[in-house]
Amino acid sequence: GAGVSQTPSNKVTEKGKYVELRCDPISGHTALYWYRQSLGQGPEFLIYFQGTGAADDSGLPNDRFFAVRPEGSVSTLKIQRTERGDSAVYLCASSLTGGDNEQFFGPGTRLTVL
Amino acid sequence: GQQLNQSPQSMFIQEGEDVSMNCTSSSIFNTWLWYKQDPGEGPVLLIALYKAGELTSNGRLTAQFGITRKDSFLNISASIPSDVGIYFCAGRRDDKIIFGKGTRLHILP
């Protein structure tokens, strides 16, 4: 079966632009997570969805970051007015029902803001 | 910010050697996790630990959950070339996973 997929794999944008990053979780997984991994660091939690709703968005760094999951499957992470400091790998993970279930990670989208 | 201290930051070893890396936290976690990340990929779960004092093996990998719930170690025995990569310790808090900075393992030819 297919794992978590993320598109695009790489995104280069200019400072001030808007970007959207897409995550396709494993089919049937109700829980979906976004993490951000800066160079030389471990992934840092951004937001967690249970179904269509954001159950915990405490990791979003500021109001330029927003994520949606309108049908409880695919999720989009949206970043407005990008800054050079937003450059990182954005990882998506999904798990069957959340909680202690294993989170399976996608390969990530590498975002570079020039 | 990160709450887990992972050491060493990097290791250079010969193929066949055993490896040990550890992780400490300033706060308690109920679940400790060890992941491996290859270039261009997301982290993959190696071992999950749920009970203080628990010692768990997965093939050549062994990990222990410290009694205080604030530390864990991972051992890799008889290293092979495909063990190269970055190893992360992580603790689960609610539905978040909090990662250490990673230990980068290099295997010398």
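A, B, ... follow the sequence lines: proteins, then strands. Residue 1 opens every chain.
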Identify which part of [X] has an atom lying under 4.5 Å from any heavy atom of chain B, answering side chain, backbone, both or neither.
| X | value |
| --- | --- |
| A:Gln37 | side chain |
| A:Tyr35 | side chain |
| A:Asn101 | backbone |
| A:Ser95 | neither |

- Query: Strictly under 6.0 Å, is that where the ring centroids of B:Phe88 and B:Tyr35 end up?
  - Reply: no
- So, the side chain of B:Gln6 versus the backbone of B:Cys89: is there a donor-acceptor pair under 3.5 Å, distance only? yes
- So, for A:His29 and A:Phe104, which heavy atoms are closest and what is the spacing to 0.1 Å? CE1-CD1, 3.8 Å
- Query: Looking just at side-chain N and O atoms, do A:Ser73 and A:Glu71 make a donor-acceptor pair shorter than 3.5 Å?
  - Reply: no
- Going by atom types only, do B:Thr62 and B:Ser57 share a side-chain donor-acceptor pair under 3.5 Å? yes
- Quick one: which of A:Leu91, A:Val89, A:Asp100, A:Asp56 has the most heavy-atom pairs under 4.5 Å with chain B, could you say? A:Asp100
- Query: B:Asp94, B:Leu45, B:Asn30: which one forms the most heavy-atom pairs within less than 4.5 Å of chain A?
  - Reply: B:Leu45
